[in-house]
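In this text, all values refer to a predicted model and were calculated from it rather than measured experimentally.
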Amino acid sequence: MYKVKEIADLAGISVRTLHHYDSIGLLKPQKMEENGYRYYTDDDLERLQQILFFKELDVPLIDIQRIIDHPSFDRKHALVSHRSMLVQKKHRLERLIHTVEETLQSMKGAIAMTKEEMFEPFDMAEIEEHQKKYEQEVEEKYGHTDAYKESIEKTSTYTADDWKQIKHEWDSLYKQIAERMDKGPADEEVQALISEYRSLITGNFYNCTLEIFRGLGDLYTSDPRFTKNIDKVKPGLASFLQQAMHIYCDGQ
């Protein structure tokens with residue numbers, strides 16, 4: 001059993017915070033003495049760690065309690081998700097720091113910086129968010145946990161330059177496909193680019209099976225967030241991609 005002061009020192013939070021968690025039912029001690037002393041167990045420590053992970057991701061306390069106390073809550077699954085989101089957060093911070101450093105150098109006249117480079121970390125955040133959202137959809141819809149874990153393992157080692165290269169390839173493919181929309185989704189050149197697109201996903205994230213690839217195409221039109229983002233390249237591109245990806249999968 002641990003006293004409240006021991007827990008506070010161990011977790012790096014205040015006793016007042018623990019008292020607050022107790023008062024709202026988020027983290028209640030296993031034992032309360034008549035003199036008011038609170039005592040916590042190892043299970044309470046695990047729950048506190050989970051709470052602090054959620055807080056790091058800016059989840060409100062009321063939502064944290066609802067999530068943790070839900071009958072279907074799985075601590076291991078939650079930790080895997082935390083790792084994925086924190087890794088993405090780390091990458092974005094690294095790119096922001098890199099851009100700040102380059103901007104300072106540009107102000108000194110040491111380097112020349114294009115307008116695109118000034119806003120690159122904000123733009124690349126979209127592709128990461130896009131990929132993260134799809135990974136979650138894949139796991140929920142198809143249960144492809146191996147693909148989900150593979151993506152986490154691969155992306156956890158990526159540097160700012162790696163993400164920059166991925167974004168360049170991703171944008172280039174979208175633009176090339178958009179330029180050929182008038183040829184139709186079954187066009188030979190379009191299908192070659194679609195094949196390249198699947199290879200890009202497999203090479204950088206996870207083994208993109210035909211089932212997953214087809215599901216990705218469906219999400220491009222069923223989820224407004226995907227549609228809006230893709231159609232920034234050219235109106236109608238999301239729908240065109242879905243059709244082209246279905247044709248590709250049917251032909252394999």
- If you count the non-hydrogen atoms of other residues, nucleotides and ligands that lie under 6.0 Å from CD in Gln252, is the total more than 12? yes

- For residues Val4 and Tyr39, determine if any side-chain heavy atom of one lies less than 4.5 Å from a side-chain heavy atom of the other. no

- Message: Can a side-chain donor-acceptor contact be found between Thr103 and Ser106 if the only test is distance below 3.5 angstrom?
- Response: no

- Message: Would the distance check show the side chain of Gln191 and the main-chain N or O of Pro185 forming a donor-acceptor pair, the cut-off being under 3.5 Å?
- Response: yes

- Query: With sequence neighbours left out, what residues match Tyr21 under ring-ring contact (aromatic ring centres under 6.0 Å, His included)?
  - Reply: none

- Answer yes if Leu61 and Ile13 sit in the same cluster of Ile, Leu, Val, Met, Phe, Trp and Tyr residues linked by side chain heavy atoms under 4.5 Å apart, and no otherwise. yes

- Measure across Ala8 and Leu18 and return the closest heavy-atom pair with its distance rounded to 0.1 Å. N-CD1, 3.7 Å

- Message: For Gln176 and Ser172, which I'm curious about, is there any donor-acceptor pair between the side chains at under 3.5 Å?
- Response: yes

- Pairwise side-chain contact, Ile201 with Leu216, heavy-atom cut-off 4.5 Å (strictly under): yes

- Task: Verify the cluster assignment for Leu104 and Ile97: are they in a single hydrophobic cluster under the rule of side-chain heavy atoms below 4.5 Å apart?
- Result: no

- Message: Quick check against the 3.5 Å criterion: does Ser23 have a side-chain atom that pairs as donor or acceptor with the backbone of His20?
- Response: yes

- Item | CD (Glu6) with more than 12 external heavy atoms under 6.0 Å | yes

- Task: State whether the side chain of Asn204 and the backbone N or O of Leu200 hold a donor-acceptor pair below 3.5 Å, judged by distance alone.
- Result: yes

- Rounding to 0.5 Å, atoms CG (Leu26) and CG (Asp69) come to a distance of 8.0 Å

- Run the numbers on Arg38 and Ile7 for side-chain contact (heavy atoms from CB on, under 4.5 Å), then give the verdict. CA-CA 10 Å; Arg38 295 169 169 82; Ile7 295 292; over 6 Å; no

- Message: As an exercise, state the distance from CD1 of Ile177 to CG of Leu237, rounded to the nearest 0.5 Å.
- Response: 7.0 Å

- Query: Under a single-linkage definition using a 4.5 Å side-chain heavy-atom cutoff for Ile, Leu, Val, Met, Phe, Trp and Tyr, are Tyr40 and Leu45 assigned to the same hydrophobic cluster?
  - Reply: yes

- Query: Would you call Met245 and Arg214 a side-chain contact if the rule is heavy atoms closer than 4.5 Å?
  - Reply: no

- Give a yes or no on this: more than 12 heavy atoms of other residues, nucleotides or ligands lie within 6.0 Å of atom NE2 of His19. yes

- Please determine, by modelled atom types, if Gln165 and Glu169 share a side-chain donor-acceptor pair under 3.5 angstrom. yes

- Message: Ignoring hydrogens and geometry beyond distance, is a side-chain donor-acceptor pair present between Asp44 and Tyr2 at under 3.5 Å?
- Response: no

- Message: So Asp22 and Pro29, do their side chains get closer than 4.5 Å, heavy atoms only?
- Response: yes

- Message: Using 0.5 Å steps for rounding, measure from the CD atom of Gln50 to the CG atom of Leu48.
- Response: 10.5 Å

- Item | Leu79 side, atom CG; Asp74 side, atom CG - distance, nearest 0.5 Å | 9.0 Å

- Without swapping roles, check the side chain of Arg198 against the backbone of Leu193 for a donor-acceptor pair under 3.5 Å. no

- Item | Linked, directly or transitively: Val190 and Val233 (ILVMFWY side chains, under 4.5 Å) | yes

- Spacing of Thr17 atom OG1 and Leu27 atom CG [to the nearest 0.5 Å]: 11.0 Å

- Item | Where Cys249 and Phe213 come nearest, the two heavy atoms and their spacing | SG-CD2, 3.8 Å

- Are Ile247 and Leu241 co-members of a hydrophobic cluster defined by side-chain heavy atoms under 4.5 Å apart? no

- Look only at the side chain of Thr227 and the backbone of Tyr220, and say whether a donor-acceptor pair between them is shorter than 3.5 Å. yes

- Lys234 side chain vs Ala178 backbone, donor-acceptor pair below 3.5 Å: yes

- Euclidean distance, Phe54 CZ relative to Asp63 CG, rounded to 0.5 Å: 9.5 Å

- Main-chain N/O of Gly236 paired with Ser239 side-chain donor or acceptor, under 3.5 Å: no

- Does the side chain of Gln49 pick up a donor-acceptor pair with the side chain of Arg75 at under 3.5 Å? yes

- Would you say the ring centroid of Tyr197 lies under 6.0 angstrom from that of Tyr248? no

